[in-house]
Amino acid sequence: VQLQASGGGLVQAGDSLRLSCAASARTFSRNVMGWFRQAPGKEREFVSAISWSGSTTYYADSVKGRFTVSRDNAKNTVYLQMNSLKPEDTAVYYCAAHIGGSYYYSPSYRYWGQGTLVTVSS
C-alpha cells in the first residue's frame, strides 16, 4: 500500500502548482482521498478531500476558491491544483486515504505518503 505525492517546488506568491498523488489500486478503490499539509512547527491540517466519484469535494476555508481537488480513478491518482499561492501555503503536502470518520480530521485517514514540499516565496 503506497501513496506517492509529487509536484511540489519553490514558487513565488501568486503562482500555481499542481500536486499529484498516485496510489495503489487497493488504496484508491472506493475511498475518499484527502490532502493535508504541515508547515514547520505546526500541526498537520486538512486541505481538501474528494469523494470516490469526484462529485463531492471538501476544502479548508483557507484554500477555498484557490485550490481545486480532482481525481482520475483510471489512473489511481488524485490531484490538487493550487492557484494564487501565498507564503502561508508553504508546507509539506500529504495525501491519504480516508478510512472513516470526519473528512477534516487526520486520524480518519490512513496510508500517508511521504509528502511533497511546497515553498512559496513572497
Side-chain angles (χ1 to χ4, degrees):
V1 175
Q2 286 187 319
L3 290 167
Q4 182 80 24
S6 62
L10 172 62
V11 298
Q12 294 187 332
D15 285 350
S16 298
L17 276 176
R18 189 176 82 152
L19 305 184
S20 299
C21 176
S24 64
R26 180 178 178 181
T27 303
F28 205 75
S29 178
R30 302 293 174 182
N31 280 323
V32 168
M33 297 297 294
W35 286 97
F36 285 74
R37 66 186 182 187
Q38 188 166 18
K42 295 187 177 182
E43 293 188 356
R44 190 170 296 185
E45 64 174 3
F46 172 80
V47 175
S48 183
I50 185 168
S51 64
W52 162 250
S53 68
S55 62
T56 305
T57 56
Y58 309 84
Y59 296 97
D61 288 343
S62 59
V63 306
K64 203 171 292 183
R66 299 188 297 122
F67 290 11
T68 302
V69 63
S70 61
R71 66 192 294 164
D72 184 338
N73 291 340
K75 296 181 179 179
N76 296 327
T77 301
V78 61
Y79 304 98
L80 186 67
Q81 177 67 43
M82 306 186 296
N83 298 331
S84 302
L85 282 162
K86 304 176 181 180
E88 51 263 44
D89 294 320
T90 295
V92 176
Y93 284 72
Y94 300 88
C95 60
H98 180 257
I99 58 170
S102 170
Y103 297 137
Y104 302 90
Y105 190 46
S106 61
S108 299
Y109 292 78
R110 190 179 291 177
Y111 309 128
W112 298 85
Q114 87 287 358
T116 186
L117 176 61
V118 173
T119 304
V120 185
S121 64
S122 57

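Side-chain atoms are counted along with the backbone in the values below, which use heavy atoms only and exclude waters and symmetry mates.
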Distance (rounded to the nearest 0.5 Å) between [X] [atom1] and [Y] [atom2]:
| X | Y | atom1 | atom2 | result |
| --- | --- | --- | --- | --- |
| Thr90 | Leu117 | OG1 | CG | 8.0 Å |
| Gln12 | Ser121 | CD | OG | 5.0 Å |
| Arg37 | Glu43 | CZ | CD | 14.0 Å |
| Glu88 | Lys42 | CD | NZ | 8.5 Å |
| Cys95 | Met33 | SG | CE | 5.5 Å |

Test your reading of the model: is there a side-chain donor-acceptor pair from [X] to the backbone of [Y], 3.5 Å cut-off?
| X | Y | result |
| --- | --- | --- |
| Thr116 | Gly8 | yes |
| Ser48 | Val69 | no |
| Ser51 | Thr56 | yes |

Going by heavy atoms in the side chains, are [X] and [Y] under 4.5 Å from each other?
| X | Y | answer |
| --- | --- | --- |
| Met82 | Arg66 | no |
| Ile50 | Val32 | no |
| Leu17 | Val118 | yes |

>> List the residues meeting side chain to side chain donor-acceptor pair (under 3.5 Å) with Asn31, not counting sequence neighbours, and say none if there are none.
In response: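 Testing Asn31 for side chain to side chain donor-acceptor pair (under 3.5 Å), a comparison that skips the adjacent residues, returns none.
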
| For Gln38, which residues count as a side chain to side chain donor-acceptor pair (under 3.5 Å) partner, sequence neighbours excluded? |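 Gln38: no side chain to side chain donor-acceptor pair (under 3.5 Å) contacts found.
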
request  = For Tyr105, check ring pair (Phe, Tyr, Trp, His ring centres under 6.0 Å) against everything at least two apart and list the hits.
outcome  =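 Testing Tyr105 for ring pair (Phe, Tyr, Trp, His ring centres under 6.0 Å), a comparison that skips the adjacent residues, returns none.
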
Original post:
What pairs with Trp52 under ring pair (Phe, Tyr, Trp, His ring centres under 6.0 Å), at least two apart in sequence or on another chain?
Top reply: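 Checked Trp52 against ring pair (Phe, Tyr, Trp, His ring centres under 6.0 Å); zero matches.
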
- Which pairs count as ring pair (Phe, Tyr, Trp, His ring centres under 6.0 Å) when at least one residue sits in residues 64-100, sequence neighbours excluded?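 Output for this query lists His98-Tyr103, His98-Tyr109.
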
Report task. Before giving the answer on ring pair (Phe, Tyr, Trp, His ring centres under 6.0 Å), spell out for Trp35 and Phe46 the whole-Å C-alpha distance, their side-chain angles and the decisive distance to 0.1 Å. Result -> CA-CA 6 Å; Trp35 286 97; Phe46 172 80; over 10 Å; no

| request: May I have all residue pairs that pass side-chain hydrogen bond (donor to acceptor under 3.5 Å, both in side chains) and include part of residues 67-77, sequence neighbours excluded? | output: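 Sorted result for residues 67-77: Arg71-Asn73.
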
Do the side chains of Lys86 and Asp89 get close enough for a salt bridge, i.e. N-O under 4.0 angstrom?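 Looking at Lys86 and Asp89, the cut-off is not met.
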
